[in-house]
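Shown next, in structure tokens, is the structure this report addresses.
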Number of protein chains: 2
Amino acid sequence: MEHRKIQTMEDFASVSGISRPTVSKYFNDPESVRSTTRERIEHALKRYEYTPNIFAVNQNRRLTKNIGVIVPYLADPFFAEMARMIERRCIDAGYWPILFSSHGQRQMEINALETLRSLKPAGALMAPLGRTSDLEEIRKFADDVPTVAFDSNQEIGEAFVGSDNFQSIGLIVDYLCRTGEPPCFFEMPPVNPNAIKRRKAYIEAMERLGHTPEIIHVGGHSWEFELMGLEEGKRLISERKLPSNTVLCSNDRIAIGLLAAAYDQGLRVGRGPGCAMRIAGHDDHPWSRYTCPPLTTVSQDYSAIVERSVEKLFEIMNSGCKAESREETLFEGKLVLRLSA
Amino acid sequence: MEHRKIQTMEDFASVSGISRPTVSKYFNDPESVRSTTRERIEHALKRYEYTPNIFAVNQNRRLTKNIGVIVPYLADPFFAEMARMIERRCIDAGYWPILFSSHGQRQMEINALETLRSLKPAGALMAPLGRTSDLEEIRKFADDVPTVAFDSNQEIGEAFVGSDNFQSIGLIVDYLCRTGEPPCFFEMPPVNPNAIKRRKAYIEAMERLGHTPEIIHVGGHSWEFELMGLEEGKRLISERKLPSNTVLCSNDRIAIGLLAAAYDQGLRVGRGPGCAMRIAGHDDHPWSRYTCPPLTTVSQDYSAIVERSVEKLFEIMNSGCKAESREETLFEGKLVLRLSA
DNA sequence: ACTCGAAGTTTACGCGCGTCAAAAAATAAT
DNA sequence: ATTATTTTTTGACGCGCGTAAACTTCGAGT
């Protein structure tokens, strides 16, 4: 056991008794060398500490093993969780995920793209900011780098994987109408296509059931959804301007704010007797089970979305050519019944 | 406006009429070339698109401009927020932050260190996992790379920046004792030194005030604090085993779980009449203001911690030598009075 | 033992840039 | 105008590895 640190592949090749090009081949694909050779290398790898210089490797490869992961807002545990799962899968597949957060800001998203591009990534998984995204920039990026969009369907990249908002919103509208007063819809700011689709889905579902849709608009393009839910909620409740005592929020984070508003205003939330209002969300956010009362919502199938996105990206990367058409995969949501509605 | 894409510094040098070594100098430090030269380069930079190949640059520099940022658990918005602020500051200082999350797992932390090391970083900012960290590995890393620890003081790196748990816990224990029944302490799992210091601080503060400390132990080393607060809370409340109707939680995430438990058990939380229990937390977590009732807690001075950490790291990086002693900077917390206690 | 394809070795070049020494040019000071 | 100083240019080397060509060895199968 020497465990001497070896710096260059040249040196490592000589101590392991193999030629450098073969060692190089091994590191690019261990299966590409004969099994006896592989064993000798791996044996040497145990005795000496050596990892190829990542910069030298990437300089000479036309394409690296880097995979960019760009999410719009990492402080949202929904994206943090997605990012975690994506990282895991990429690593397992022998790739090197690099995580960027746009932090809700257009310029940060552009920066992330630029930085990423200079990393010559083999592919990218991107949940765009949405409305504030610089679509031109993203498209230019996606022209050069195989890109799969997820979460927010922004007509970007060669594929999209996300949730079927029409199905999921339909599901919960049905439920709410069946069990009480038809819901009004507390809209999230129209930051991305999800926001818009969910509103449309709500309207469709209500009309299908013969009810009049009622929408609470919120402006701006901030990502502080809880704050909006809280402030706008307090105002609506105190001014008695809520169109219905059942409120469907276009995402859980708004619902969390609205729950706080209801508490602040002394309204009891839930579906039991003695409750003044019902609140439902959408996404099954990691914290929705810890609200008071626990939030009734529709789950997004996180792991399915992640799995399919990564899978699809690998397909595209391996096919080596642009797909003829943009494939969109939508997963269905499931009703998560808790106590708030 | 040609905006032709230029690939190599050689090419860029020739179109801008400057020699390559001078251009190289410019990119390493724009101030190091004469102002007239600088202008000519920057003028060319506007006409042609060129960025130095990051891999070639880093291969030849002994030290890169990379700065590693390692947090234990990115799905915790506390760390997400810290990471965001750190990234911002590093970028502004001309560095390149690379974010890693250990996702609560020892092996992931080790991997992050290894990956980071291969990136030849100029420095690292690290919030260690704590108890489950492989301290030996981290120390070996910190021997080679200037490292500042934050959040959790693990005797790692050349400096530490964090919160003064004794001050902050003292503050809220004082407040709770002054305004009602002395608190028991709902401990977080002893995942890191903060957990241990907060417990000790609680005991000291209680004894100083002449009260008997009562501690609720929770085992394990999971990072799902909310779940612990919820499950253990439900058990304690239903079995009437809470030592006090005032509970100080060692962090806000546990408090969030406990609030849910209290709701589940039909206990009204708050400091007003008609309330069955008081709950307080620690950290002023981004969501603590949205709980029902809003959580009374002690804030950590996020931005001060970030600012000082980064500042200190730059100091160490620039000094170029190991510091003789490990500097620890602690910031004081502030009482954040809301409605839960 | 012989053939032949697969795998390994040798040799050599190139990637794009940092960096150094020496020479040339530009600027500042006398 | 001359000297001293700073800055740039020229030319060259090296970083660590990918990769190609030509050659050699290996191992399974008639």
Side-chain angles (χ1 to χ4, degrees), chain A residues 4-45 48-66 94 96 115 117-122, chain B residues 4-45 48-66 94 96 115 117-122:
Chain A
R4 241 185 58 218
K5 262 221 170 157
I6 301 238
Q7 290 299 339
T8 78
M9 192 178 279
E10 196 78 54
D11 295 346
F12 178 75
S14 64
V15 298
S16 61
I18 309 278
S19 74
R20 193 181 67 73
T22 305
V23 172
S24 170
K25 242 185 127 191
Y26 168 84
F27 278 106
N28 281 312
D29 177 13
E31 300 296 318
S32 69
V33 302
R34 202 186 300 145
S35 62
T36 58
T37 313
R38 187 163 54 242
E39 275 161 28
R40 286 170 66 196
I41 293 180
E42 280 164 2
H43 180 249
L45 225 36
Y48 301 91
E49 222 171 306
Y50 167 72
T51 46
N53 179 309
I54 187 86
F55 299 108
V57 169
N58 283 333
Q59 173 172 22
N60 297 312
R61 257 208 283 257
R62 266 205 21 260
L63 231 51
T64 67
K65 286 282 193 175
N66 298 335
W96 184 333
T115 300
R117 189 197 293 275
S118 70
L119 254 30
K120 294 195 257 177
Chain B
R4 239 185 60 216
K5 262 223 170 156
I6 301 236
Q7 290 298 339
T8 78
M9 191 179 278
E10 196 77 54
D11 295 347
F12 178 75
S14 65
V15 298
S16 59
I18 309 278
S19 75
R20 193 181 66 74
T22 305
V23 171
S24 171
K25 243 187 126 191
Y26 167 84
F27 277 106
N28 281 312
D29 177 12
E31 300 297 317
S32 70
V33 302
R34 201 189 298 143
S35 62
T36 58
T37 312
R38 185 163 56 241
E39 276 161 27
R40 285 171 67 196
I41 293 180
E42 279 162 2
H43 180 250
L45 226 34
Y48 301 92
E49 222 171 306
Y50 168 72
T51 46
N53 179 309
I54 188 86
F55 299 108
V57 169
N58 283 333
Q59 174 172 23
N60 297 314
R61 256 208 284 258
R62 267 207 17 263
L63 232 52
T64 68
K65 287 282 194 176
N66 298 334
W96 184 334
T115 300
R117 188 198 293 273
S118 70
L119 255 28
K120 293 194 258 177

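Note on naming: letters A, B, ... go to the chains in the order of the sequence lines (proteins, then strands), and numbering restarts at 1 for each one.
Candidate nucleotides dG16(C), dG18(C), dT19(D) were compared by shortest atom distance to the side chain of Ser24(A), and dT19(D) ranks first.
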Nucleotides 3-9 of chain C: protein proximity per nucleotide (B base, S sugar-phosphate only, - neither; heavy atom, under 4.0 Å): ----SSB
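Using a 4.0 Å heavy-atom criterion, one finds that Tyr50(A) contacts the sugar-phosphate atoms exclusively.
Atom pair Gln7(B):CD and dG14(C):P shows a separation of 18 Å (rounding to whole Å applied). Across the protein-nucleic acid pair, Asn53(B) atom CG and dG16(C) atom C1' stand 6 Å apart, rounded to whole Å. Between the CE atom of Met9(A) and the C1' atom of dG18(D) there is a distance of 9 Å, given to the nearest Å.
We find the CZ-OG1 distance between Arg34(A) and Thr22(A) to be 9.5 Å, quoted to the nearest 0.5 Å. The CE atom of Met9(B) sits 10.0 Å away from the OG1 atom of Thr51(B) when rounded to the nearest 0.5 Å.
Under the rule for a side chain to side chain contact (heavy atoms under 4.5 Å, CB included), the partners of Ser118(B) that lie at least two apart in sequence or sit in another chain are Ile54(A), Trp96(A).
A donor-acceptor pair is defined here as one N or O able to donate and one able to accept, closer than 3.5 Å; no such pair exists between the side chain of Asn58(A) and the backbone of Phe55(B).
The base of dG16(C) sits with one of its N or O atoms less than 3.5 Å from a complementary donor or acceptor on the side chain of Asn60(B).
Minimum heavy-atom separation, Thr64(A) to Ala122(A): O-CB, 3.2 Å.
When the options Asn28(A), Thr37(A), Ile18(A), Val33(A) are evaluated for a side-chain contact (heavy atoms from CB on, under 4.5 Å) with Val23(A), the one that passes is Ile18(A).
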